[in-house]
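Side-chain atoms are counted along with the backbone in the values below, which use heavy atoms only and exclude waters and symmetry mates.
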Amino acid sequence: VSIQPKVDGTNASVWGTPDGIIHYGSRSREILPTKDKDNGGFASYMTKMYESDEDNPYKRLQEWVKAHPTVIVYGEWLGVPENGHKLLGAIKSYLESGLFVYDVFDRMEGTYWLYDRYADELGDVFGKDHIIPQIDGYRAGTVTLDEIVAKGRTFHYNLPESVMMEGIVIKGQPSFRDKYNKIHIGKVVFEEFQKAKSVKQTTKILGEEERSFVNEMCTPAFLSKTQ
């Protein structure tokens, strides 16, 4: 499994199609470079950089997705770099704004690229500083979640040493699939993890299993992602 920092921005994606058109997305929709259909200024900034006469990492990234029309590049958008814009609700202490890539999904193969593959390929195109790094990698079953979290707490990706990350992301390499062939990715928010460990475990009541599961697993952070 691969362990990466959980970056507190807004989801962003970019992909190309065989007809040479570049598309932009948020967590749940395609976005456009207009005031009412953008997300945190991501599509507008990407369009501006692509149309620039000067070479820049964002232009190179978009040329790359045009040349690879079967893939979608996913990242966290922390705001427009030039004006130091910070997104509302995000950790305010990030040292750099912009796009930080955390995954590449191949629509033809129906799976995510391995970390080493996209880190090497996109690192050369977009810049290794904007590829969210691995904190560590483990063979499944060799470490506990507590040990993984403890290691993650020592990491300060794109943050001052005095600021703790929001959490970590845990991904199978290759992707973990359940019996229904659905890909699963694990996330740990440090603050909620600590709170959950301090809560006294209660005895499950027969017939109340669903309620117990919802109370334990549907955290405020999880529910905020469904709004």
Side-chain angles (χ1 to χ4, degrees), residues 1-14 24-27 31 38-46 48-49 56-62 64-65 72-105 112-138 147-171 173 185-194 221-222 224-225:
V1 294
S2 168
I3 313 300
Q4 290 177 280
K6 185 179 185 301
V7 177
D8 181 29
T10 185
N11 284 105
S13 56
V14 55
Y24 312 109
S26 64
R27 176 186 304 278
I31 58 177
D38 205 343
N39 183 40
F42 175 66
S44 297
Y45 184 75
M46 293 292 280
K48 173 185 173 183
M49 292 296 97
N56 64 78
Y58 294 88
K59 185 172 186 174
R60 294 196 298 271
L61 176 63
Q62 292 175 86
W64 186 88
V65 297
I72 304 174
V73 174
Y74 289 101
E76 286 287 326
W77 174 244
L78 297 182
V80 177
E82 276 78 3
N83 58 17
H85 172 67
K86 298 295 179 65
L87 297 169
L88 293 176
I91 294 175
K92 302 300 188 294
S93 302
Y94 282 120
L95 302 176
E96 291 186 40
S97 298
L99 179 67
F100 294 81
V101 174
Y102 62 75
D103 253 329
V104 173
F105 184 78
Y112 291 95
W113 282 17
L114 296 179
Y115 174 83
D116 288 343
R117 180 181 179 186
Y118 76 76
D120 289 343
E121 194 159 339
L122 283 183
D124 292 338
V125 172
F126 191 48
K128 295 187 184 299
D129 288 347
H130 280 256
I131 307 299
I132 297 179
Q134 280 187 315
I135 296 174
D136 219 330
Y138 303 95
E147 290 172 327
I148 292 174
V149 169
K151 180 69 175 288
R153 285 178 177 275
T154 66
F155 217 70
H156 303 273
Y157 176 65
N158 195 24
L159 288 167
E161 289 293 320
S162 60
V163 179
M164 185 181 296
M165 298 187 308
E166 184 190 26
I168 54 175
V169 179
I170 305 170
K171 296 185 288 190
Q173 297 283 296
I185 296 171
K187 297 181 181 181
V188 177
V189 177
F190 291 150
E191 184 177 355
E192 291 198 348
F193 181 78
Q194 195 60 39
F222 173 81
S224 70
K225 301 297 184 182

Flag the pair [X] / [Y] as yes when at least one side-chain heavy-atom distance between them is below 4.5 Å, and no otherwise.
| X | Y | answer |
| --- | --- | --- |
| V149 | F190 | yes |
| M165 | K6 | no |
| V169 | P5 | no |
| P133 | Y157 | yes |

Heavy-atom pair of closest approach, residues [X] and [Y]:
| X | Y | answer |
| --- | --- | --- |
| I72 | S13 | CG2-CB, 3.9 Å |
| G79 | S97 | O-CB, 3.4 Å |
| K151 | D136 | NZ-OD2, 2.5 Å |
| H156 | E161 | CE1-O, 3.0 Å |

message = Determine whether V73 and W64 satisfy the following criterion, side chain to side chain contact (heavy atoms under 4.5 Å, CB included), listing intermediate values before the conclusion.
response = CA-CA 10 Å; V73 174; W64 186 88; 3.8 Å; yes
inquiry  = With a sphere of 6.0 Å drawn around NZ of K59, does it hold more than 12 non-hydrogen atoms of other residues, nucleotides or ligands?
reply    =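 Enclosed.
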ask   = Taking atom CD of E191 as the centre, does the number of heavy atoms from other residues, nucleotides or ligands within less than 6.0 Å exceed 12?
value =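 No, CD of E191 has 12 or fewer neighbouring heavy atoms, counting only those of other groups under 6.0 Å.
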ask   = D103: what forms a salt bridge (Lys or Arg N to Asp or Glu O under 4.0 Å) with it, not counting sequence neighbours?
value =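 Counting only residues at least two positions away or on another chain, D103 forms a salt bridge (Lys or Arg N to Asp or Glu O under 4.0 Å) with K171.
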key: Stepwise side chain to side chain contact (heavy atoms under 4.5 Å, CB included) check, S93 with L159   = CA-CA 6 Å; S93 302; L159 288 167; 4.2 Å; yes
If only atom types and distance count, is the side chain of [X] paired as donor or acceptor with the main-chain N or O of [Y] below 3.5 Å?
| X | Y | value |
| --- | --- | --- |
| S44 | G41 | no |
| Q173 | L114 | no |
| E76 | G9 | yes |
| Q62 | M46 | yes |
| N56 | M49 | yes |
| Y58 | K48 | no |

ask   = Hey, what's the ring geometry for Y102 with Y74, parallel, tilted or perpendicular (30° and 60° as the breaks)?
value =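 The rings of Y102 and Y74 lie parallel, inter-plane angle below 30°.
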message = With side chain to side chain contact (heavy atoms under 4.5 Å, CB included) as the criterion, how do I185 and I170 come out once you've worked through the C-alpha distance, each side chain's angles and the decisive distance to 0.1 Å?
response = CA-CA 6 Å; I185 296 171; I170 305 170; over 6 Å; no
query = Hey, what do you get for OG1 (T154) to CD1 (I135), rounding to the nearest 0.5 Å?
reply =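 T154 atom OG1 to I135 atom CD1 measures 7.5 Å (nearest 0.5 Å).
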task = With rounding to the nearest 0.5 Å, note down the distance linking CZ in R153 to CD in Q194.
result =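 So the CZ of R153 and the CD of Q194 are separated by 5.0 Å.
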Contacts table for residues 122-131: side-chain donor-acceptor under 3.5 angstrom, sequence neighbours left out:
| unit_1 | atom_1 | unit_2 | atom_2 | d |
| --- | --- | --- | --- | --- |
| H130 | ND1 | L99 | O | 2.7 |
| H130 | NE2 | E96 | OE1 | 3.4 |

ask   = Among I132, V7, L78, which residue meets the side chain to side chain contact (heavy atoms under 4.5 Å, CB included) test with N158?
value =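 Answer after filtering I132, V7, L78: L78.
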message = Can you confirm whether or not the ring centre of Y118 sits under 6.0 Å from the ring centre of Y115?
response =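 Yes, they do, as the ring centres are separated by less than 6.0 Å.
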message = Aromatic contact between Y45 and W77, with the criterion being ring centroids under 6.0 Å apart: yes or no?
response =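 Yes, the ring centres sit under 6.0 Å apart.
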request  = Check the pair E121, W113 against side chain to side chain contact (heavy atoms under 4.5 Å, CB included), reporting the backbone distance first and the verdict last.
outcome  = CA-CA 11 Å; E121 194 159 339; W113 282 17; 3.7 Å; yes
